[in-house]
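A short worksheet on the structure shown next.
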Protein chains: 2
Amino acid sequence: MKKSTSTQDYLKHIYELSEGGEPASTNDLARVLKVKPASVTGMVQKLANEKPALVEYQKHQGATLTPVGKKAALEVLRHHRLLETWLVQTLGYSWAEVHEEAEKLEHVISEDFERRIAAALGNPTRDPHGELIPTPDLKMPQDDSASLSSLRSGQSATILRVNEDPNLLRHLDELGLIPGIRLMVTGYSPLDNNLTIKVEKKSFVLGLNITTKIFVEVEK
Amino acid sequence: MKKSTSTQDYLKHIYELSEGGEPASTNDLARVLKVKPASVTGMVQKLANEKPALVEYQKHQGATLTPVGKKAALEVLRHHRLLETWLVQTLGYSWAEVHEEAEKLEHVISEDFERRIAAALGNPTRDPHGELIPTPDLKMPQDDSASLSSLRSGQSATILRVNEDPNLLRHLDELGLIPGIRLMVTGYSPLDNNLTIKVEKKSFVLGLNITTKIFVEVEK
DNA sequence: GTCAAAATTTAGGTAAGACTAAATTATTTT
DNA sequence: AAAATAATTTAGTCTTACCTAAATTTTGAC
């Protein structure tokens, strides 16, 4: 059954917040959905009472997705990430600009539209930020990336993904540290966990705050 | 101020229904909006009481747009027609398939998005059906097309636009009678107003039901 | 000009999904 | 373990835009 925009947003954010294993708390949901906590309680209760249930919910314990809810969440996520990829590639949006537009479009496009852009893009597996795109049958692929912070001197890697924080995004864009770029670690300081990395001809020293938010594929 | 999807739909349809000069009647609006007449009355009253008012409304007399309402309607129409053009040109949608998808997208795209697709398409003035696209400053261009039914033997013309009736659309698509195609009138029957037209190597005899719904630019 | 049919409006309801304020439960500090 | 604080839920409203049923107005036929 077709879900409302609001329902889709709740499911998407419950998915993202509970990826770490912990249920999504009422307060966290309220924050990301820009809604008051009392509203979240009401909505989450409603979603738990649908048949089939979309979320698993126990008072004061937060919310997790049922298999049905998870499918619906991955559908929205697939829409979102395909749309971002497509807006960047066909309309010249920058890497940082696409989020808001995709946020609105993700709720209204048809399955046909989804198939068409996926095909037009050559069925990509990651969006411009490097986030994995759920498969057409709505499974989330295994993420085999490692955090840049785990590398040490001498290792080379290719950037797969960066965290979606807008400020960080802009900063990394300026430095040229974007998905697809190859880098080498040339130094490591055990005291502050700073890494020195070399990209093309340039070197940067990056702190843990940044290196934990860049994900790479290490060269064997 | 940003209008709701519902408001945008009302304005768009009031615009279309009142193009002939007559106000849009409650019943006609109910029919095209797929809503009960009582709901139309309520909504139209609401739109007339906004400040600034979007529609002009007198009980039992139907609705027309105020200048403010007309701008809003043309904005939606511009979105719709740009989207149709774009879906056809970039995603391989057929001429007949795009309407429904554009109907949903038109309400959610940003002004930035509108500018980007207009630019990507080379600022087109007509959509795939040949309908005029409102200008960026939201004026409807003058339509200088003539009805095919007004032509007589010997005249040549290029198809600019065909009526948006889905059945007719499919029929004309099969015959190859689409915007951009050049044709010549080779015969006219005063009794039934049938026209014989020749397109490339083929000839067709078309009745008034069809010829009044094809609009052309006549060669001088 | 009257009367029936068609069109329109009024009145009263419903469903989503948000909000505020107040009450309750959990957690942390001492 | 009691008190203070934080998180969550309940209860009651509000808005938007739809609905049905009943009442009214307009129109068209005679």
Side-chain angles (χ1 to χ4, degrees), chain A residues 1-14 17-18 20 22-65 69 72-73 76 103-104 106-108, chain B residues 1-14 17-18 20 22-65 69 72-73 76 103-104 106-108:
Chain A
M1 193 192 321
K2 186 60 166 58
K3 275 95 190 165
S4 71
T5 293
S6 201
T7 295
Q8 291 182 21
D9 276 335
Y10 272 85
L11 296 176
K12 185 176 70 167
H13 284 115
I14 292 169
L17 288 174
S18 60
E22 290 302 291
S25 77
T26 300
N27 254 13
D28 287 352
L29 278 170
R31 186 175 37 75
V32 298
L33 289 163
K34 295 177 171 46
V35 136
K36 297 289 177 272
S39 306
V40 172
T41 300
M43 190 63 168
V44 161
Q45 287 175 341
K46 198 195 118 195
L47 296 177
N49 290 328
E50 310 231 314
K51 344 178 245 187
L54 300 171
V55 321
E56 191 75 48
Y57 171 67
Q58 296 278 95
K59 273 189 189 183
H60 299 98
Q61 305 308 130
T64 55
L65 296 175
V76 182
E103 199 84 354
K104 292 180 295 184
E106 67 188 10
H107 304 297
V108 302
Chain B
M1 191 193 320
K2 186 59 167 59
K3 276 94 190 163
S4 71
T5 293
S6 201
T7 295
Q8 291 183 19
D9 276 334
Y10 272 85
L11 295 176
K12 185 176 69 166
H13 283 115
I14 292 169
L17 288 174
S18 60
E22 290 302 291
S25 77
T26 300
N27 254 13
D28 287 352
L29 278 170
R31 186 174 37 76
V32 299
L33 289 163
K34 296 179 172 46
V35 138
K36 297 289 176 271
S39 306
V40 172
T41 300
M43 188 65 168
V44 161
Q45 287 174 340
K46 199 193 116 197
L47 296 176
N49 290 328
E50 310 232 315
K51 354 179 235 186
L54 300 171
V55 320
E56 191 75 48
Y57 172 67
Q58 297 276 95
K59 272 189 190 182
H60 299 100
Q61 304 308 128
T64 55
L65 296 175
V76 182
E103 199 83 355
K104 292 180 296 183
E106 67 188 11
H107 304 297
V108 302

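Side chains are part of it too, since the values below use all heavy atoms of this structure and drop only hydrogens, waters and symmetry mates. Below, chain A is the first sequence line, B the second, and so on; all start at residue 1.
A close approach under 4.0 Å does occur between a side-chain nitrogen or oxygen of B:N27 and OP1 or OP2 of C:dT8. Phosphate contact (OP1/OP2 of D:dT16, side-chain N/O of B:Y10, threshold under 4.0 Å): absent. Side-chain nitrogen and oxygen atoms of A:S6 include at least one within less than 4.0 Å of the OP1 or OP2 phosphate oxygen of C:dA18. Between A:Q45 and D:dT10 there is a side-chain polar atom (N or O) within less than 4.0 angstrom of OP1 or OP2.
Among the atoms of the strands shown, base atoms are found under 4.0 Å from some heavy atom of B:S39. Looking at heavy-atom distances under 4.0 Å, B:V40 makes no contact with the nucleic acid at all. Residue B:T41 is classed as a base contact, given a heavy-atom separation below 4.0 Å to a base.
The NZ atom of B:K46 sits 14 Å away from the C1' atom of D:dC14 (whole-angstrom rounding). Distance CZ (B:R31) to P (C:dA7): 11 Å, rounded to an integer number of Å. Residue A:K3 contributes atom NZ, which lies 14 Å from atom P of C:dA16 at whole-angstrom precision. Here C:dG17 presents its C1' atom at 18 Å from NZ of A:K34, a figure rounded to the nearest Å. The CD atom of B:Q61 sits 19 Å away from the P atom of D:dT24 (whole-angstrom rounding). Atom CG in A:L33 sits roughly 16 Å away from atom C1' in D:dT8 (whole-Å rounding). Remark: C1' of D:dT26 and CD of B:Q58 are 15 Å apart, rounded to the nearest angstrom. For the pair A:M1 CE and C:dA15 P, the computed distance is 15 Å after rounding to whole Å.
The end-to-end axis angle of the helix from C:dG1-D:dC30 to C:dT30-D:dA1, rounded to 10 degrees and based on five pairs per end, is 10°.
Taking 4.5 Å as the limit, every side-chain heavy atom of B:L29 sits out of range of all side-chain heavy atoms of B:M43.
Checking A:K36 against A:H60, the closest nucleotide of DNA chain C that is more toward the 5' end is the one next to A:K36. Toward the 5′ end of DNA chain C lies the nearest nucleotide of A:M43, the other residue of the pair A:M43 and A:K59 mapping further downstream.
Of the residues B:V32, B:T5, B:L47, the one that meets the side-chain contact (heavy atoms from CB on, under 4.5 Å) test with B:Y10 is B:L47. Among B:H13, B:H107, B:K3, the one residue that satisfies the side-chain hydrogen bond (donor to acceptor under 3.5 Å, both in side chains) test with B:Q8 is B:H107.
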Exercise for the section: Apply the test side chain to side chain contact (heavy atoms under 4.5 Å, CB included) to residues A:K12 and A:E106: give CA-CA distance (whole Å), side-chain angles for both, the deciding distance (0.1 Å), then the verdict. Expected result: CA-CA 11 Å; A:K12 185 176 70 167; A:E106 67 188 10; 2.8 Å; yes
Problem - Worked check of side chain to side chain contact (heavy atoms under 4.5 Å, CB included) between B:V44 and B:T26 - result: CA-CA 9 Å; B:V44 161; B:T26 300; over 6 Å; no
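Taking the side chain of A:S25 as heavy atoms from C-beta on, and the options D:dT8, C:dT20, C:dG17, the nearest nucleotide is D:dT8. Nearest nucleotide to the side chain of A:S4, out of D:dT16, D:dT9, C:dG17: C:dG17. When distances are taken from the side chain of A:T26 to each of D:dT9, C:dT10, C:dA16, the shortest belongs to D:dT9.
The two atoms that bring B:Y57 and B:G62 nearest to each other are CD1-O, 3.5 Å, heavy atoms only.
Put simply, the side chain of B:N49 gets close to the backbone of B:Q45: a donor and an acceptor are under 3.5 Å apart.
In this structure, the separation between CG on A:D28 and CG on A:L33 is 10.5 Å, given to the nearest 0.5 Å.
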